[in-house]
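Read through the structure below, which is laid out as structure tokens, and then see the notes.
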Protein chains: 2
Amino acid sequence: MAGIKDVAAAAGVSVATVSRVLNAHPSVSEDARARVLAAVDELGYRPNAVARSLRTAQTRTLGLIISDVMNPYFTELARSVEEQARALGYSVIIGNADESPRLQDDHVRTLLDRRIDGLLVSPTDGGSPQLLDAARAGTPTVFVDRWIPGVDVPVVRADGRSAVRDLVAHLHALGHRRLAIIAGPAATTTGSERVAAFRAALGEYGLELPEEYVGQGDFQAESGRRATEAFLALPEPPEVVFAADNLMALGALDAMRARGLHIPDDIALAAFDDIPWFVHTDPPITAIAQPTRELGRAAVRALTALIEGRRVRSVTLPARLVVRRSCGARSDAAAPPSRPRPRSNP
Amino acid sequence: MAGIKDVAAAAGVSVATVSRVLNAHPSVSEDARARVLAAVDELGYRPNAVARSLRTAQTRTLGLIISDVMNPYFTELARSVEEQARALGYSVIIGNADESPRLQDDHVRTLLDRRIDGLLVSPTDGGSPQLLDAARAGTPTVFVDRWIPGVDVPVVRADGRSAVRDLVAHLHALGHRRLAIIAGPAATTTGSERVAAFRAALGEYGLELPEEYVGQGDFQAESGRRATEAFLALPEPPEVVFAADNLMALGALDAMRARGLHIPDDIALAAFDDIPWFVHTDPPITAIAQPTRELGRAAVRALTALIEGRRVRSVTLPARLVVRRSCGARSDAAAPPSRPRPRSNP
DNA sequence: ATCCTCCGTGTAATCGATTCCACGGAGCCC
DNA sequence: GGGCTCCGTGGAATCGATTACACGGAGGAT
């Protein structure tokens with residue numbers, strides 16, 4: 001493969017001049033520029049990014065560590081990140097952590113070895129030593145979706161509280177009073193936050209969230225199935241099951257069907273995270289949609305800003321309720337219900 | 001960040017010795033090795049992969065170009081590729097081509113600039129100039145799932161013919177005679193092959209595949225919906241719709257529901273590519289499952305072999321039929337039906 | 001006419017590793 | 001004891017770019 005020296009020789013100039021032309025340095029004569037460009041074209045020369053990286057100490061590569069690529073939410077996030085990164089001239093190396101801190105550490109280490117310019121992470125519970133070291137050591141880092149409390153790293157995420165409130169209002173208006181939730185792992189921020197938001201929203205309607213109406217899940221379908229079965233075995237089962245992520249909602253759906261229940265007449269179902277498939281299930285599932293594409297874009301923007309040395313603040317985007325038929329709504333409309341009148345006791 | 005020189009100084013040896021220790025070169029004294037290791041540990045030294053790559057002319061990085069990451073089939077493929085690559089000490093840079101040859105070329109170019117060791121591609125229709133150049137120029141390349149006829153590149157894929165035959169046998173046994181297919185883009189190998197396999201299998205039962213029973217899709221859900229609507233508008237609609245990929249099957253499902261049809265009583269549905277969601281739809285969808293994980297693994301194995309200079313042959317793995325309820329099967333069992341007796345005219 | 005400035009250009013140092021080659025010393029054989 | 005072969009080691013070249021610095025010549029100011 002042709003190198004910069006070959007180009008220099010072919011154009012009858014020095015390598016310095018070639019480099020200047022390629023990097024749009026101002027002081028190059030029009031004549032030299034033309035000859036270099038011609039030589040580049042003729043030889044099909046492409047600069048070696050590895051050599052360039054060594055010299056400039058930047059790779060124009062971002063590392064993205066995700067907890068579960070098979071989860072459509074994260075898939076979409078990854079896609080959006082890759083897209084935006086490419087638009088800004090960055091490549092993305094993806095690592096799947098599979099909810100394992102060990103694997104996450106492994107990825108952080110290889111990414112650091114490869115001298116990526118920045119790290120985008122949706123951390124597993126509590127994070128992992130390598131990750132924390134990297135962040136503290138000054139590697140430009142941005143958390144997306146999940147974050148680690150107490151670590152000084154910008155976070156890009158969606159705030160579901162208002163959407164959860166809308167959801168509860170919607171459910172309440174439909175006459176539901178016994179609402180249950182399938183929570184994610186308590187150690188993840190998204191896991192605990194969603195439960196808190198749900199409980200708070202219920203409180204506004206004077207509703208309780210009893211212990212037995214909080215199922216413990218792990219963001220995987222199977223755990224949603226198990227939690228739902230436990231709910232259904234209760235002397236007084238809930239009228240609504242709200243799953244804290246899309247996979248658990250799917251598991252819940254299975255469990256309900258296995259019991260021969262009709263949705264939404266016998267029991268209602270709602271989910272956090274909207275995914276394309278929820279339109280195609282029977283019935284279509286009411287869900288809280290995160291602005292996933294925007295999150296990915298914002299995360300990359302924040303990270304590149306950080307890389308360029310600018311100061312960056314965390315970004316929080318609102319999630320919104322998408323009403324479908326799984327809770328008993330008459331229409332398919334996506335309009336959020338009107339604001340609840342807080343503390344209107346039943 | 002500490003460099004190899006710092007380690008050498010701290011250990012009281014030359015950089016050459018440090019490098020030898022790190023690369024497990026035999027001729028290093030036990031004493032020197034110990035001192036180097038101690039220094040490495042103390043300084044928290046990690047070799048700079050960029051510098052190493054420049055010198056050794058290998059990056060231990062693979063490029064993966066996929067036509068649609070949001071398609072669960074490709075997501076799973078990507079995941080499996082990343083997993084296997086990591087196991088072999090490679091990182092993966094993913095590029096989403098979005099079925100666009102231009103975008104695909106763009107990705108090939110940046111990947112080549114980054115001097116990736118090998119390229120894994122599921123090419124868009126007809127490929128693209130850069131890609132063909134790269135393959136011809138000797139960049140280790142392997143095609144997955146799809147391939148480009150006439151290009152001398154190993155292909156790792158699933159052969160669906162036998163599974164399609166099983167499917168047709170299954171449908172025939174259930175009494176269905178009017179079978180339609182929603183095809184993928186004719187320019188993709190997977191697009192045309194599946195139709196051919198379907199037609200051949202029908203032939204074994206003396207069944208025709210009339211022109212109007214071949215819908216033209218593009219592997220996206222919306223095209224599946226449109227094609228299905230066209231089928232249903234026919235004077236004599238098909239009894240079965242077979243979608244050549246999972247997204248189009250979803251679109252077909254929607255179209256059938258919109259018409260108020262009951263599956264499988266009014267019309268049957270089957271799909272190529274099995275995905276986790278097909279278990280959760282109502283009814284669960286009969287599908288042809290590719291050994292996706294194995295494909296990813298095999299692809300990485302083939303590519304790394306190619307990189308190491310070994311000769312590599314194409315790999316074809318069998319797909320298998322997974323019978324669920326969307327075609328009218330009584331059971332949920334996954335056992336394939338018995339072999340058809342060819343040419344048994346109706 | 002002389003000096004200064006600025007512009008275009010080339011030479012060479014540099015990034016951080018790997019690796020070829022040379023060298024000194026130890027051990028072995030005859 | 002002299003010559004050989006290994007073995008462990010270090011010096012220096014190398015990978016392919018970027019870039020600091022030096023330099024020669026043109027043009028403007030005095």
Side-chain angles (χ1 to χ4, degrees), chain A residues 1-40 43-61 89 91 109-117, chain B residues 1-40 43-61 89 91 109-117:
Chain A
M1 192 166 290
I4 196 173
K5 284 199 217 122
D6 305 305
V7 177
V13 297
S14 73
V15 293
T17 300
V18 176
S19 175
R20 284 193 268 260
V21 170
L22 265 35
N23 294 286
H25 187 96
S27 66
V28 181
S29 70
E30 209 38 65
D31 174 55
R33 177 187 315 282
R35 293 216 311 284
V36 168
L37 257 21
V40 163
L43 297 173
Y45 168 74
R46 302 247 77 212
N48 183 327
V50 176
R52 184 196 304 242
S53 292
L54 177 59
R55 183 61 234 252
T56 61
Q58 46 163 324
T59 51
R60 294 207 77 87
T61 304
S91 292
R109 201 176 352 252
T110 52
L111 290 171
L112 256 31
D113 284 356
R114 284 161 190 278
R115 300 300 192 266
I116 46 133
D117 293 339
Chain B
M1 192 168 288
I4 197 173
K5 284 197 220 130
D6 305 305
V7 176
V13 297
S14 73
V15 293
T17 299
V18 175
S19 175
R20 283 193 268 261
V21 170
L22 265 34
N23 294 287
H25 188 95
S27 67
V28 180
S29 70
E30 209 38 64
D31 175 54
R33 177 186 316 283
R35 293 217 309 284
V36 168
L37 258 22
V40 164
L43 297 174
Y45 168 73
R46 303 246 76 211
N48 183 328
V50 176
R52 184 195 304 239
S53 291
L54 177 59
R55 183 63 234 251
T56 61
Q58 45 163 327
T59 50
R60 293 207 78 87
T61 303
S91 293
R109 201 176 352 252
T110 51
L111 289 171
L112 256 31
D113 285 356
R114 285 163 188 277
R115 301 299 192 266
I116 46 132
D117 293 339

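Note on naming: letters A, B, ... go to the chains in the order of the sequence lines (proteins, then strands), and numbering restarts at 1 for each one.
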Quiz item: Does a nitrogen or oxygen in the side chain of A:Arg55 sit under 4.0 Å from OP1 or OP2 of C:dT14?
Solution: no
query = Can a side chain N or O of A:Asn23 be found less than 4.0 Å away from OP1 or OP2 on D:dT18?
reply = yes
Interatomic distance, [X] [atom1] vs [N] [atom2] [rounded to whole Å]:
X	N	atom1	atom2	value
A:Asn48	D:dT18	CG	C1'	13 Å
B:Arg35	D:dT9	CZ	C1'	11 Å
A:Leu54	C:dA13	CG	P	17 Å
B:Asp6	C:dG16	CG	P	9 Å
A:Tyr45	D:dG16	OH	C1'	7 Å
B:Ile4	C:dC15	CD1	C1'	13 Å
B:Gln58	C:dA17	CD	C1'	13 Å
A:Asp113	C:dG16	CG	C1'	13 Å

Counting only N and O atoms by type, is there a donor-acceptor contact under 3.5 Å from the side chain of [X] to the main-chain atoms of [Y]?
X	Y	result
B:Arg20	B:His25	no
A:Arg35	A:Ala11	yes
B:Ser19	B:Val15	no
A:Asn48	A:Val50	yes

Distance col, row B:Asp113:CG vs A:Arg52:CZ, nearest 0.5 angstrom, shows 8.0 Å
Distance col, row B:Ser53:OG vs B:Ile116:CD1, nearest 0.5 angstrom, shows 12.5 Å
Handout entry: Donor on one side chain, acceptor on other, B:Thr61 and B:Arg114, under 3.5 Å
Key = no
Axis-to-axis angle across the helix from C:dA1-D:dT30 to C:dC30-D:dG1, five pairs each end, nearest 10 degrees, ~ 50°
Kindly give the atom pairs (protein nitrogen or oxygen, nucleotide nitrogen or oxygen) under 3.5 Å for nucleotides 6-10 of chain C.
unit_1, atom_1, unit_2, atom_2, d
C:dT9, OP1, A:Ser29, OG, 2.8
C:dT9, OP2, A:Ser29, N, 2.8
C:dT9, OP2, A:Ser29, OG, 3.2
C:dG10, OP2, A:Ser14, N, 2.8
C:dG10, OP2, A:Ser14, OG, 3.0
C:dG10, OP2, A:Thr17, OG1, 2.7
C:dG10, N7, A:Arg20, NH2, 2.8
C:dG10, O6, A:Arg20, NH1, 3.4

Would you say A:Arg46 and A:Met1 make side-chain contact, with heavy atoms under 4.5 Å?
no
So do B:Leu22 and B:Val40 actually touch side chain to side chain, heavy atoms under 4.5 Å?
yes
